[in-house]
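Residues: numbered from 1 along the sequence shown. For the numbers below, each heavy atom of this structure counts, side chains included, while hydrogens, waters and symmetry mates do not.
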Amino acid sequence: MTSKERFLTALLGGKPDRIPITGHLFSQKLLQEELGYTTVLYDGKAQAQLAAKLGIDGLWIPINGFCGIEETPHQPGETYKDEWGVTYCKNGWPIIAQIDTPVKSREDWENYKMPEANTDYRLRIFKDAKAANTQELAIVLGILGPFTMVSWYLMDFSTLAITMYTDPEMAHEMNEAVLKWTLEVIQLAAEEGGVDCVQISDDWGSTDSLLLSPDDFRTFFIPYLKRMVEGIKALGIPVIMHNDGRIWDVLDDLVDCGINALHPVERAAGMDLKIVKERYKGKLTPIGNVNNKVTMASSNPEDVKEEVLSCIRDAADDGGYIITTDHSFHDLIPTANVKCLIETVHEYGRYL
């Protein structure tokens with residue numbers, strides 16, 4: 001099977017020749033050690049080449065305009081704004097945390113203008129990755145979900161929490177605008193061709209609990225997520241949801257939204273891979289669960305091998321599992337551990 005065939009078969013609950021591997025390649029160190037160079041910006045061609053060289057089956061590629069990812073280079077410590085009006089201070093790679101947001105009141109929202117969805121650069125990273133995808137990897141197009149856009153980029157969390165109760169209609173208006181913009185971009189990508197899957201990144205939990213009550217998520221965000229998933233799947237494209245944290249209390253709701261898979265099943269947040277697999281067998285493909293904060297950062301690759309084998313035992317029953325870390329491959333992970341994860345899956349990653 002090709003990597004694309006393997007990935008999509010597992011994503012849709014099937015049983016390919018082995019467990020597929022995916023991952024967010026958020027490491028300039030890994031680029032340097034494997035390709036011999038780094039990229040200042042998140043680069044589609046380099047990401048495709050790195051994934052192919054490592055032996056990864058699913059390649060995550062964001063749209064241009066994915067908040068936190070630079071569109072033009074900045075110096076460390078430099079303050080700048082993106083097309084959304086979000087303010088950053090350059091302090092990382094590839095995703096940078098915001099330091100200020102454009103909407104703080106009803107007046108700000110009424111004067112706010114969403115970026116143009118249909119621009120020449122919107123799919124630049126994706127097009128570069130597609131052109132470089134000579135090994136037939138599955139391309140997973142990355143977008144942000146409604147909660148992250150409204151609580152982290154358009155507004156800050158505290159302002160949103162107040163707004164939901166003082167002006168709930170405004171929260172709904174913002175979600176509606178984000179939904180419309182996102183579906184326009186996905187339509188552009190579908191027309192371009194080559195999108196094998198869409199990943200909606202929308203973190204709802206901390207390591208201990210949800211960031212809002214389940215009822216608040218059901219009132220303000222789940223209806224828009226459901227419509228987003230339905231809009232994407234209407235184009236014939238399956239959907240992964242990336243949702244960090246301890247999210248047990250809304251997991252049934254997420255499955256009911258129609259997502260095909262859940263990433264990253266965060267081990268550090270108490271998300272038990274075996275329970276997720278058994279509870280939603282045939283309805284949801286779990287992706288991830290190898291601890292990227294402790295195990296992957298260990299000085300001993302044997303720790304990685306042991307945990308990978310544990311994941312295989314817990315989730316390899318009758319297909320429908322994709323393996324990776326419970327967030328990303330980052331600079332604090334030794335390259336030997338990245339290779340250990342991949343090599344272990346290549347050797348032992350068979351479904352039961």
Side-chain angles (χ1 to χ4, degrees), residues 24 41-44 47 59-72 80-88 94-96 98 100-103 108-131 139-155 160 169-203 220-242 257-259:
H24 297 79
L41 300 178
Y42 196 86
D43 179 273
Q47 291 291 311
L59 171 65
W60 181 84
I61 291 294
I63 61 164
N64 289 83
F66 190 101
C67 288
I69 293 184
E70 290 177 284
E71 297 293 333
T72 56
Y80 64 96
K81 287 186 179 183
D82 66 9
E83 64 179 319
W84 295 89
V86 180
T87 304
Y88 307 87
I95 296 178
I96 300 164
Q98 44 84 342
D100 199 12
T101 56
V103 179
D108 287 343
W109 175 240
E110 290 178 349
N111 292 322
Y112 184 78
K113 184 177 180 181
M114 297 283 287
E116 291 293 329
N118 189 355
T119 67
D120 292 340
Y121 60 84
R122 186 64 62 207
L123 301 175
R124 185 180 63 240
I125 302 173
F126 163 66
K127 290 178 181 179
D128 289 346
K130 186 173 73 165
I139 295 183
V140 180
L141 189 68
I143 60 170
L144 286 168
F147 177 68
T148 298
M149 285 301 301
V150 174
S151 71
W152 187 249
Y153 292 112
L154 297 182
M155 275 185 166
L160 171 65
E169 187 57 34
M170 177 175 159
H172 286 293
E173 290 171 12
M174 295 178 75
N175 279 320
E176 192 72 46
V178 169
L179 172 66
K180 179 178 182 292
W181 187 92
T182 303
L183 290 179
E184 287 179 9
V185 172
I186 298 303
Q187 179 68 46
L188 293 173
E191 291 171 359
E192 177 68 25
V195 178
D196 298 308
C197 177
V198 168
Q199 178 175 295
I200 303 170
S201 294
D202 212 23
D203 294 337
F220 290 100
F221 297 101
I222 288 174
Y224 298 96
L225 175 68
K226 182 177 177 63
R227 288 169 58 196
M228 189 176 288
V229 172
E230 289 172 347
I232 296 167
K233 293 180 77 173
L235 297 170
I237 302 172
V239 179
I240 297 169
M241 186 177 197
H242 164 87
C257 285
I259 60 174

Indicate yes or no: at least one non-hydrogen side-chain atom of Leu144 is less than 4.5 angstrom from one of Phe66. yes

Separation between CD1 (Ile200) and CD1 (Ile240), nearest 0.5 Å, reads 10.0 Å

Interatomic distance, CD@Gln47 vs CD1@Ile125, rounded to 0.5 Å, equals 9.0 Å

In this structure, CZ of Arg227 is separated from CG of Leu179 (nearest 0.5 Å) by 5.0 Å

Between Pro62 and Ile69 the two heavy atoms that sit nearest each other are CG-CD1, 3.7 Å

Only one of Asn175, Thr148, Asp202 passes side chain to side chain contact (heavy atoms under 4.5 Å, CB included) with Phe221, and that residue is Asn175

*Between Ile232 and Leu183, is any pair of side-chain heavy atoms under 4.5 Å apart?*
yes

Could you go step by step and tell me if Tyr112 and Leu154 meet the side-chain contact (heavy atoms from CB on, under 4.5 Å) rule? CA-CA 10 Å; Tyr112 184 78; Leu154 297 182; 3.4 Å; yes

Does any non-hydrogen side-chain atom of His242 lie less than 4.5 Å from one of Asp203?
yes

- Message: Taking the side chain as everything from C-beta on, heavy atoms only, tell me whether Leu235 gets closer than 4.5 Å to Gln187.
- Response: yes

Closest heavy-atom pair, Ala117 versus Leu188, reported as atoms and distance to 0.1 Å, is O-CD1, 3.6 Å

Pair Asp128, Arg124 - check side-chain contact (heavy atoms from CB on, under 4.5 Å), show working.
CA-CA 6 Å; Asp128 289 346; Arg124 185 180 63 240; 4.0 Å; yes

Minimal heavy-atom distance between Val140 and Val198, with the atoms involved, is CG1-C, 4.4 Å

**Study point:** Glu176 bridged to Lys180 by N-O distance under 4.0 Å
**Key:** no

Taken in chain and number order and not counting sequence neighbours, the residues that satisfy side chain to side chain donor-acceptor pair (under 3.5 Å) with Gln98 are none

Closest heavy-atom pair, Leu59 versus Ala129, reported as atoms and distance to 0.1 Å, is CD2-CB, 4.3 Å

By salt bridge (charged side-chain N to carboxylate O under 4.0 Å, His left out), Glu116 pairs with (sequence neighbours left out) none

One should read off an interatomic distance between Met228 CE and Met241 CE, to the nearest 0.5 angstrom, of 9.0 Å

_Applying side-chain contact (heavy atoms from CB on, under 4.5 Å) to Met170 and Met155, what does each step give before you reach the verdict?_
CA-CA 12 Å; Met170 177 175 159; Met155 275 185 166; 3.2 Å; yes

Is the backbone N or O of Ile139 less than 3.5 Å from a side-chain atom of Asp196, with the two atoms forming a donor-acceptor pair by type?
yes

Check: Is Ile96 close to Tyr80 at the side-chain level, that is, under 4.5 Å between some pair of heavy atoms?
Finding: yes

Value for CD1 (Ile61) from NZ (Lys127), rounded to nearest 0.5 Å, stands at 14.5 Å

Are there more than 12 heavy atoms of other residues, nucleotides or ligands under 6.0 Å from atom CH2 of Trp152?
no

Check your understanding: Should we count CG of Asn111 as having more than 12 external heavy atoms under 6.0 Å?
Key -> yes

- Can you find a pair of side-chain heavy atoms, one from Cys257 and one from Ile222, that are under 4.5 Å apart? yes

- Side chains of Pro115 and Arg122: does their closest heavy-atom pair fall under 4.5 Å? yes

| Beyond-backbone contact of Glu71 with Asp82, side-chain heavy atoms, under 4.5 angstrom | no

So ring pair (Phe, Tyr, Trp, His ring centres under 6.0 Å) across residues 169-191, not counting sequence neighbours, yields Trp84-Trp181, His172-Phe220, His172-Tyr224

Check your understanding: Can you list the steps and then say if His24 with Gln199 is a side-chain contact (heavy atoms from CB on, under 4.5 Å)?
Key -> CA-CA 11 Å; His24 297 79; Gln199 178 175 295; 3.1 Å; yes

Using the ring of each side chain (for Trp, its six-membered ring), is Tyr42 parallel, tilted or perpendicular to Trp60, with breaks at 30° and 60°?
perpendicular

Between Val178 and Pro146, the two heavy atoms sitting closest are CG1-CA, 4.2 Å

Rounded to the nearest 0.5 Å, the CD1 atom of Ile63 sits from the OH atom of Tyr121 at a distance of 10.0 Å

